[in-house]
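Contents: one structure, followed by commentary.
Note that the numbering runs from 1 along the sequence shown for the chain. Quantities reported herein were computed from a predicted structural model and do not represent experimental measurements.
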Amino acid sequence: DQLADDVAGDDVGGIAAGVMVDGDLVWARAFGWADRGARIPMSTSAISRTGSISKSVTAILMMRLVDQGIIGLDGPVSRYLPAVEGFADPRPNAVAITFRHLASHTAGLMREPQWPESVVGPIELWEKRILESIPLTAYDSVPGARYQYSNIGFGTLGLALSRAAGRPFIDLVESEVFEPLGMTGSAFIVVGTELESRLAAGYAVRRDGSINAEQPAREHAGRGYKVPNGGVYATVADLGRFLGAMSGVPGLRILSEESRLEALDVQTPEDPNQGYGLGFSIRIDDRNRKIASHGGSVAGYNAHMAVDPDARIGVVLLR
């Protein structure tokens, strides 16, 4: 009822919602419009952009490569991507950036490059945009000192993983995460593929209340470097399976138990009961229950997922 009321209240786009138990979707509903112009109702199988939920996917790819012995979690990223030594304003005698630093937002980097063009350009050029952005991205603190959310940090992580494995990043995610988990509605490129018919349109509401469908539609072609940190499209059911994997559901285990638990452990130094793990926000409540979550927001789309990995119960919202 709450979701139905919310969608009726703004009457712009739609919401797909689902509840996962043991990796299976046990409840799902769709509200509003997948395409308000064509009057196509929202569907529970609709594909949406997930924004920064992509960071969770990139972090789990990282842990797959750790399990395979391709990288070490605390190894220097510069071993595979020497360009990271070009980040601006390094502090004297600071430790080298590691994969753990990038995946936990503790690398000490600014949120974005000081270059507006970094987020402009087709998806095919995202690696070039990362390399161009690195010298235009400054340190704000030393690696390991504090939590500092960094989009460019996660973009850099994705490129470093690709270089370490010797394969394109998108191919890696498809073969190491999407395919083994049966995430058949998930991709980095949807427009122009067989998945396009299921794509929900995105709508951005301007300050004057008018609706902008053009910018969200344009961004399907790419947002510059923002692929490992914001490029994933998915469905409610697919993200439910992903949360099932993070809950250790037997049929969805793509990580060693050690790596799964490491990703869900608070890695940031400020508070042991609340912070960021490896690709997930982590909160431990007063009854010692752990909730792992992530949100995402890009032009025309909002997304959120949360899971209690011990109870193996999760929720997903795609708007």
Side-chain angles (χ1 to χ4, degrees), residues 1-18 29-55 110-126 129 133 136 149-152 154-155 187-192 195-236 239 281 293-306 315-319:
D1 289 347
Q2 176 74 56
L3 292 172
D5 289 346
D6 286 349
V7 173
D10 69 20
D11 191 34
V12 177
I15 293 179
R29 278 190 65 186
F31 310 84
W33 301 108
D35 187 323
R36 70 194 308 271
R39 308 312 272 179
I40 298 172
M42 191 67 165
S43 164
T44 54
S45 63
I47 294 169
S48 294
R49 292 183 65 188
T50 69
S52 286
I53 284 176
S54 309
K55 294 179 173 73
M110 298 169 58
R111 187 182 183 101
E112 302 285 356
Q114 294 179 300
W115 183 40
E117 292 298 305
S118 70
V119 297
V120 178
I123 193 170
E124 294 80 13
L125 295 181
W126 77 269
R129 282 289 192 261
S133 296
L136 302 171
Y149 195 90
S150 178
N151 277 312
I152 186 62
F154 248 90
F188 286 88
I189 299 171
V190 170
V191 173
L195 296 176
E196 187 175 0
S197 63
R198 293 165 55 191
L199 178 62
Y203 301 99
V205 181
R206 299 185 181 96
R207 289 183 179 179
D208 63 4
S210 62
I211 297 166
N212 175 10
E214 292 77 31
Q215 183 187 353
R218 276 197 308 272
E219 288 194 0
H220 293 308
R223 291 186 71 215
Y225 82 81
K226 293 192 169 187
V227 173
N229 63 308
V232 170
Y233 293 74
T235 65
V236 165
L239 291 179
S281 294
S293 65
H294 217 292
S297 181
V298 291
Y301 299 86
N302 288 317
H304 191 76
M305 66 178 185
V315 295
V316 179
L317 292 168
L318 298 175
R319 183 176 194 182

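- For Gln2, the side chain to side chain donor-acceptor pair (under 3.5 Å) partners two or more places apart in sequence, or in a different chain, are Asp6.
- Taking CD1 of Ile152 as the reference point, atom CD of Gln114 lies at 12.0 Å (rounded to 0.5 Å).
- Under the salt bridge (charged side-chain N to carboxylate O under 4.0 Å, His left out) criterion, Glu214 pairs with Arg206, not counting sequence neighbours.
- Scanning all heavy atoms of the two residues, the minimum distance from Asp208 to Ser210 falls at OD1-OG, 2.6 Å.
- In terms of the side chain to side chain contact (heavy atoms under 4.5 Å, CB included) criterion, residue partners of Ser48 (sequence neighbours excluded) are, by chain and number, Met42, Ala200, Tyr301, Leu318.
- A distance of 10.0 Å separates CD1 of Ile47 from CD of Glu196, quoted to the nearest 0.5 Å.
- Legend: residues meeting side chain to side chain contact (heavy atoms under 4.5 Å, CB included) with Ser297, ordered by chain and number and at least two apart, are Asn302.
- Looking at residues two or more places apart in sequence or on another chain, you find no side chain to side chain donor-acceptor pair (under 3.5 Å) involving Thr44.
- Every residue two or more places apart in sequence or in another chain that forms a ring-ring contact (aromatic ring centres under 6.0 Å, His included) with Phe188 is listed here: Phe169.
- Phe154 is linked by a ring-ring contact (aromatic ring centres under 6.0 Å, His included) to His105, counting only residues two or more places apart in sequence or in another chain.
- The minimum heavy-atom distance linking Trp33 with Val12 is given by the pair CD1-O, 4.4 Å.
- Residues passing the side chain to side chain donor-acceptor pair (under 3.5 Å) test with Ser52, sequence neighbours excluded: Lys55, Tyr149.
- Of all the heavy atoms in Trp126 and Gly155, the pair that sits closest is CZ3-O, 3.9 Å.
- For residues 216-233, the pairs satisfying salt bridge (Lys or Arg N to Asp or Glu O under 4.0 Å) are Arg49-Glu219, Glu112-Lys226, Glu219-Arg223, with sequence neighbours left out.
- In this structure, the side chain to side chain contact (heavy atoms under 4.5 Å, CB included) partners of Ala201, at least two apart in sequence or on a different chain, are Tyr203.
- A search for side chain to side chain contact (heavy atoms under 4.5 Å, CB included) contacts involving Val120 returns Glu117, not counting sequence neighbours.
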**OP:** Decide yes or no on side chain to side chain contact (heavy atoms under 4.5 Å, CB included) for Leu317 and Leu3, but give the supporting numbers first.
**Re:** CA-CA 10 Å; Leu317 292 168; Leu3 292 172; 4.0 Å; yes
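- Only one option out of Val232, Val315, Thr50 pairs with Leu239 in a side chain to side chain contact (heavy atoms under 4.5 Å, CB included); it is Thr50.
- Looking at every heavy atom in both residues, Pro113 comes nearest to Ser133 through CG-CB, 3.6 Å.
- At a threshold of 4.5 Å between non-hydrogen side-chain atoms, the residues Tyr233 and Arg198 do not count as touching.
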